[in-house]
Asker: 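Right, I'll just put the structure down here and ask away after.
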Protein chains: 2
Amino acid sequence: MADRVGSGAMSLYWHVDNKEAVFDLALDTVLEYRGPQQKAEPQDWRGEVLHMLEDWRASMLRHPWSASLLPRRALGPNILNRLELLSKTLSAAGVGDADLNAAIWSLWNYVMGATITRASFDFLDADRAAAQQRLTSLSERYPTIESSHLLLDDDWDGAFRKGLGFLLDGLPLR
Amino acid sequence: MADRVGSGAMSLYWHVDNKEAVFDLALDTVLEYRGPQQKAEPQDWRGEVLHMLEDWRASMLRHPWSASLLPRRALGPNILNRLELLSKTLSAAGVGDADLNAAIWSLWNYVMGATITRASFDFLDADRAAAQQRLTSLSERYPTIESSHLLLDDDWDGAFRKGLGFLLDGLPLR
DNA sequence: ACCTGAACACCGTTCAAGT
DNA sequence: ACCTGAACACCGTTCAAGT
């Protein structure tokens with residue numbers, strides 16, 4: 001990092017407490033959200049939620065280190081902004097107060113899990129062909145998994161959207 | 001670890017390649033699943049899924065290091081066993097082949113996200129009172145979050161079960 | 001106010017040598 | 001076959017000293 005900035009390695013400590021602090025700053029920077037580009041239809045809550053969560057995931061996947069980082073970091077302002085926005089949207093859509101928090105956390109869980117999993121598969125499978133091979137032979141002993149190609153299907157984006165749809169379908173609206 | 005076994009630190013390297021290998025072994029050991037204790041009603045697919053996923057989460061929370069570890073690890077036999085079981089149960093419950101993988105991954109995502117988040121909040125909030133204080137002041141600038149007590153509600157188990165219910169409700173059955 | 005190099009503590013691993 | 005200590009590389013951080 002000091003190289004990138006063109007300074008001595010120790011100079012950084014003047015500006016920042018320690019490594020952890022750098023992580024906090026970097027993470028929250030990645031997670032800035034500017035909202036949907038054109039003003040959306042006021043009634044399209046599904047579209048709004050979908051857009052925000054897909055952007056969330058995409059932002060993190062652009063910086064794969066951020067995925068493994070998020071869980072252990074403090075809640076920065078940009079994360080809280082997203083949660084606030086999510087709250088408002090869901091509430092307006094008709095999710096009752098008694099269900100609101102559970103709904104938000106379930107969406108959070110879903111995005112976190114999907115993003116972290118996706119990012120780490122990228123790491124593991126740097127060598128695409130070898131990975132296919134490995135997963136195929138792994139599958140052999142698990143018939144249902146094998147026949148559905150659970151481990152071989154690599155339409156991650158599609159799976160993300162589809163599963164998110166299931167979850168949104170399950171949210172109880174007033 | 002060498003202390004625990006009562007050997008010199010370097011002796012470990014005879015039995016195991018390196019640190020990573022130890023992690024792989026430890027993780028898969030944690031995730032062993034014995035199935036529901038008493039033979040469940042054959043038709044109670046929801047109960048079966050719920051039991052397996054709650055056990056999954058509980059197993060990992062018993063060893064909080066495992067949560068942050070899972071994403072970057074290889075898929076061990078015990079994990080695959082769980083996925084296989086999940087496949088079979090959902091399929092039998094009536095989830096169509098075209099939806100099956102998305103359904104499985106969405107449950108996986110949910111469990112991963114919930115467990116990792118929960119485990120790391122425990123780490124961060126070693127000091128309960130200070131954490132409450134910190135979260136309260138954080139909430140101030142986010143009215144919807146504040147009024148719903150999103151950050152202060154600590155019924156994690158309840159939220160997990162409830163959100164999981166939403167997701168299961170949203171799965172399309174034939 | 002801002003930058004720097006020397007020094008230290010910590011930790012994963014290698015290797016040659018033991019039994 | 002199994003264990004060990006010495007040694008090394010790596011990295012986050014402290015501190016006293018510079019401008």
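The chains referred to below are lettered A, B, ... by the order of the sequence lines, with proteins before strands, and numbering in each begins at 1. All values below were derived from every heavy atom in this structure, side-chain atoms included, with hydrogens, water molecules and symmetry-related copies excluded. The structure presented is a predicted model; accordingly, all values stated were derived computationally and were not measured.
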Asker: Please give me every residue in residues 4-18 of chain A whose heavy atoms get under 4.0 Å of an atom in DNA chain D, ordered by residue number.
Answerer: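 The stretch gives A:M10, A:Y13, A:N18 as the residues lying under 4.0 Å from the strand, ordered by number.
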
Asker: So, using side-chain contact (heavy atoms from CB on, under 4.5 Å) as the criterion, who are the partners of B:K88 when residues are at least two apart?
Answerer: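 A:T144, B:E84.
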
Asker: Tell me who clusters with B:I116, hydrophobic residues only, linked when side chains sit under 4.5 Å apart either directly or through other members.
Answerer: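 A:I116, all in the cluster of B:I116.
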
Asker: Tell me, please, which residues at least two apart from B:D155 pass side-chain hydrogen bond (donor to acceptor under 3.5 Å, both in side chains).
Answerer: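 Partners of B:D155 by the side-chain hydrogen bond (donor to acceptor under 3.5 Å, both in side chains) criterion come out as none, since no residue qualifies.
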
Asker: Starting from Watson-Crick (N1-N3 plus N6-O4 or O6-N4) and G-U wobble pairs under 3.5 Å, report the runs of at least three that DNA chain C belongs to.
Answerer: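 As far as DNA chain C goes, consecutive pairing (with distances under 3.5 Å) yields the stems C:4-8 with D:12-16, C:12-16 with D:4-8.
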
Asker: Considering only distance and modelled atom types, tabulate donor-acceptor pairs under 3.5 Å from the side chains of residues 165-173 of chain B, sequence neighbours left out.
Answerer:
residue, atom, partner, partner atom, Å
B:D169, OD1, B:R46, NH1, 2.9
B:D169, OD1, B:R46, NH2, 3.4

Asker: Could you work out, with side-chain hydrogen bond (donor to acceptor under 3.5 Å, both in side chains) as the rule, every residue matching A:S91, not counting sequence neighbours?
Answerer: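 By the side-chain hydrogen bond (donor to acceptor under 3.5 Å, both in side chains) rule, A:S91 matches no residue at all.
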
Asker: Mind checking side-chain hydrogen bond (donor to acceptor under 3.5 Å, both in side chains) for B:N18 and listing every partner two or more places apart, or none if nothing turns up?
Answerer: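 Counting only residues at least two positions away or on another chain, B:N18 forms no side-chain hydrogen bond (donor to acceptor under 3.5 Å, both in side chains).
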
Asker: Mind checking side-chain hydrogen bond (donor to acceptor under 3.5 Å, both in side chains) for A:R161 and listing every partner two or more places apart, or none if nothing turns up?
Answerer: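 Checked A:R161 against side-chain hydrogen bond (donor to acceptor under 3.5 Å, both in side chains); matches are A:E54.
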
Asker: On DNA chain D, which is the earliest and which the latest nucleotide, 5' to 3', with an atom closer than 4.0 Å to a heavy atom of chain B?
Answerer: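 First-to-last contact on DNA chain D, by the 4.0 Å heavy-atom rule, is D:dA1 to D:dA6.
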
Asker: What pairs of donor and acceptor atoms, side-chain ones from residues 98-108 of chain B against any protein atom, are under 3.5 angstrom apart with sequence neighbours left out?
Answerer:
residue, atom, partner, partner atom, Å
B:D99, OD1, A:K162, NZ, 3.1
B:N101, OD1, A:S148, OG, 3.0
B:N101, ND2, A:S148, O, 2.7
B:S106, OG, B:A102, O, 3.2
B:S106, OG, B:A103, O, 2.8
B:W108, NE1, A:T117, OG1, 2.8

Asker: Can you name the side-chain contact (heavy atoms from CB on, under 4.5 Å) partners of B:H15, sequence neighbours left out?
Answerer: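 In terms of side-chain contact (heavy atoms from CB on, under 4.5 Å), with neighbours along the sequence ignored, B:H15 is linked to no residue.
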
Asker: Going by an N to O cut-off under 4.0 Å, is there a salt bridge joining B:R57 and B:D157?
Answerer: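 The answer is yes: the pair qualifies as a salt bridge.
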
